[in-house]
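Notes follow the structure.
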Amino acid sequence: MADPKGFMTTPRQDWPRRPVEERVRDWDEVYVPGALLPIISKQADRCMDCGIPFCHDACPLGNLIPEWNDLVSRDDWRAAADRLHATNNFPEFTGRLCPAPCEAGCVLAINQPAVTIKNVECAIADRVWEEGWAPPRPPDRLSGKTVAVIGSGPTGLAAAQQLTRAGHTVVVYEKDDRLGGLLRYGIPEFKMEKRHLERRLGQMRAEGTRFRTSTAAGRDMGADELRVRYDAVVVATGATAWRELSLPGRELAGIHQAMEYLPLANRVCEGDLESSPLSAAGRHVVIVGGGDTGADCLGTAVREGAASVTQLDIYAQPGESRDEDTEPWPTYPKVYRLSAAHEEARELRTAPAADADARLFAASTLRFTGDAGGHVRALHLVEVDERRSPLPGTGRTLPADLVLLALGFSGPDRADGLVDQLGVALEPRGTIARNADFATNVPGVFAAGDAARGQSLVVWAIAEGRAVAAAVDRRLTGSSRLPAPVSPFDRPMSV
């Protein structure tokens with residue numbers, strides 16, 4: 001603890017964002033480049049090195065947060081990088097994309113703004129690459145065992161890196177033309193520039209991990225062939241089966257799933273397309289769904305030049321502070337948060353009729369109506385109470401040329417046939433069933449990440465990847481030194 005009084009003398013200061021008018025004109029990350037390092041040591045000083053660091057339990061990776069906070073506050077960045085990578089394969093991802101449940105569990109957050117744990121993590125991760133502290137770590141010798149990892153999202157990549165470093169020959173299969181899963185085509189560039197992903201993939205290739213893109217397991221390579229060719233198979237395909245909204249007018253043109261819309265915008269940034277076929281430019285956009293995916297659609301539509309953008313959230317607007325009765329510290333509370341996209345929408349007044357920023361809270365969609373050509377032109381909604389029951393006399397109509405459904409995901413997509421070909425058992429909600437060792441009912445087949453856990457956070461995805469790697473290593477060799485930060489049945493802290 002470099003400064004015993006830091007938490008009393010230093011106020012919280014977050015990584016500043018670029019001005020809205022500037023950042024909505026490009027796809028670069030929203031933060032001011034270089035503005036984090038001058039403030040981060042003092043922010044790390046705010047860590048109290050408390051006797052029981054609840055941030056450890058709030059983070060499924062078990063990140064050693066007080067340790068690397070202390071090292072950063074002392075300017076020992078190399079040691080801080082070692083402690084950070086001891087528990088997290090990809091801190092440059094989590095430092096940008098994770099909603100930071102660790103900060104909700106910070107002891108300082110009982111009565112003050114929490115330590116900027118996420119910002120410190122990101123600063124360390126970026127310093128690692130600037131200083132060349134992330135060399136490839138190939139194994140000293142090979143085990144002779146082979147593993148197929150299906151899916152190259154954060155779970156699949158974490159599992160592959162751990163197993164490669166343990167000496168196994170690992171091949172990652174990805175159905176898309178580029179690696180990364182949702183990190184590549186689901187996360188907009190303004191939240192995480194893809195250069196961070198490319199650097200990590202380069203490290204993994206140098207370590208010996210092999211990648212096969214444009215290969216859909218189950219369609220381009222059957223399940224039987226996978227099981228014959230490899231000693232173990234890890235299914236880490238994510239939960240990509242999107243939820244539908246079966247309402248009158250759903251068949252109208254111009255109504256799309258968020259994950260039909262976002263990948264096209266990312267392909268524009270990759271240089272594949274000059275413009276998106278679903279571009280929001282000049283259109284009245286309504287996003288149905290109040291979560292992070294909806295916010296990603298919001299920021300994307302603003303940058304594409306939408307005439308208006310409104311986001312519908314079926315839940316009531318949360319308060320500014322946690323409800324100590326229903327969501328006591330150290331649980332992750334549902335409070336009003338202003339993401340970069342919502343800040344942009346508020347300043348640019350993309351939805352003048354919205355309650356706050358671009359969001360309409362406690363709003364439920366009733367139906368869609370369109371023009372004579374069969375294209376959507378309006379969305380009809382009603383306000384609801386806490387039980388989601390419609391409130392009489394609250395019906396409204398919003399102009400809508402483009403409707404984006406961001407309602408979450410129910411489990412792995414079965415269109416490629418892999419799940420059915422393998423014959424793995426499923427849970428009632430559609431996710432892959434597994435035992436305490438991440439193993440499915442099919443010998444040699446394991447499941448991890450959103451495909452088995454259900455839709456979750458990037459930090460849980462990486463934790464599952466590390467844990468399933470330990471389970472696979474143990475099955476192949478009889479024992480394992482790989483860390484297993486979570487079990488298949490662990491869940492976030494709750495009341």
Side-chain angles (χ1 to χ4, degrees), residues 2-3 6-47 55 63 65 68-69 71-73 75 77 80-81 84 90-104 106 108-109 112-131 187-196 269 292 295-296 298-303 309 320-321 335-350 356-359 458-459:
D3 184 354
F7 67 95
M8 295 186 289
T9 60
T10 304
R12 178 180 170 113
Q13 186 177 1
D14 289 287
W15 192 356
R17 295 168 179 165
R18 295 188 289 139
V20 167
E21 287 287 352
E22 172 191 319
R23 69 186 194 237
V24 296
R25 295 193 185 101
D26 60 44
W27 294 89
D28 298 340
E29 288 181 6
V30 300
Y31 296 102
V32 176
L36 186 55
L37 282 179
I39 66 173
I40 207 64
S41 292
K42 280 292 185 182
Q43 291 302 302
D45 270 342
R46 297 183 70 237
C47 180
C55 54
N63 280 334
I65 295 164
W68 39 259
N69 272 334
L71 291 164
V72 166
S73 72
D75 280 333
W77 290 86
L84 180 57
F90 314 123
E92 63 271 31
F93 302 167
T94 52
R96 287 171 168 81
L97 304 177
C98 182
C102 53
E103 293 187 15
C106 174
L108 188 58
Q112 290 190 47
V115 175
T116 55
I117 298 170
K118 180 177 173 179
N119 282 180
V120 177
E121 177 182 37
C122 196
I124 300 171
D126 288 352
R127 185 72 177 267
V128 164
W129 292 102
E130 291 168 8
E131 300 290 345
I187 299 297
E189 191 84 356
F190 59 82
K191 285 183 69 175
M192 188 185 79
E193 295 172 8
K194 300 307 179 283
R195 61 187 176 88
H196 303 293
C269 293
D292 289 342
D296 292 344
L298 173 63
T300 300
V302 167
R303 282 162 177 77
V309 194
E320 297 284 346
S321 58
V335 298
Y336 178 74
R337 295 179 173 89
L338 193 68
S339 72
H342 292 117
E343 180 185 45
E344 294 156 7
R346 183 185 65 182
E347 287 199 23
L348 299 175
R349 292 190 58 77
T350 70
D357 47 72
R359 286 173 280 191
V458 63
V459 69

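Just so it is clear, the structure is predicted and the values come from calculations on it, not from any experiment. Throughout, numbering of the chain's residues begins at 1 and tracks the sequence.
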Salt bridge between [X] and [Y], side-chain N to carboxylate O under 4.0 Å?
| X | Y | value |
| --- | --- | --- |
| R23 | E343 | yes |
| R18 | D26 | yes |
| E21 | R25 | yes |

With a cut-off of 6.0 Å (strictly less than), are more than 12 heavy atoms of other residues, nucleotides or ligands near [atom1] of [X]?
| X | atom1 | result |
| --- | --- | --- |
| D292 | CG | no |
| R349 | CZ | no |
| K42 | NZ | no |

Which pair of non-hydrogen atoms, one from [X] and one from [Y], has the smallest distance, and what is that distance?
| X | Y | result |
| --- | --- | --- |
| A35 | P16 | CB-CG, 3.7 Å |
| S339 | A295 | OG-CB, 4.2 Å |
| I117 | C102 | CG2-SG, 3.5 Å |
| E344 | V20 | CA-CG1, 3.9 Å |
| E320 | V335 | O-CB, 4.2 Å |
| S41 | D75 | OG-OD1, 3.4 Å |

[X]: partners by side-chain hydrogen bond (donor to acceptor under 3.5 Å, both in side chains), with sequence neighbours left out:
| X | value |
| --- | --- |
| E347 | none |
| R12 | D14, E103 |
| R127 | E131 |
| N119 | none |

Would you call [X] and [Y] a side-chain contact if the rule is heavy atoms closer than 4.5 Å?
| X | Y | result |
| --- | --- | --- |
| V72 | W77 | yes |
| T300 | W27 | yes |
| Y336 | D357 | yes |
| W68 | N63 | yes |
| D3 | T9 | yes |

Using only atom types and a distance under 3.5 Å, with no angle test, would you say the side chain of R46 pairs donor to acceptor with the backbone of T116?
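Checking the backbone N and O of T116 against the side chain of R46, no donor-acceptor pair under 3.5 Å is found.
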
Say whether, by atom type as modelled, one donor and one acceptor occur between the side chain of Q13 and the main chain of Q43 under 3.5 angstrom.
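Checked: no pair found.
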
Using the ring pair (Phe, Tyr, Trp, His ring centres under 6.0 Å) criterion, which residues pair with F190? Sequence neighbours excluded.
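Partners of F190 by the ring pair (Phe, Tyr, Trp, His ring centres under 6.0 Å) criterion come out as none, since no residue qualifies.
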
Restricting to ring pair (Phe, Tyr, Trp, His ring centres under 6.0 Å), what partner residues turn up for W15, sequence neighbours left out?
Y31

Could you grab the distance from atom [atom1] of [X] to atom [atom2] of [Y], nearest 0.5 Å is fine?
| X | Y | atom1 | atom2 | value |
| --- | --- | --- | --- | --- |
| I187 | E193 | CD1 | CD | 14.0 Å |
| E121 | I40 | CD | CD1 | 11.0 Å |
| E29 | H196 | CD | NE2 | 4.0 Å |
| M192 | R96 | CE | CZ | 8.0 Å |
| R346 | L338 | CZ | CG | 4.5 Å |
| D45 | M8 | CG | CE | 12.0 Å |

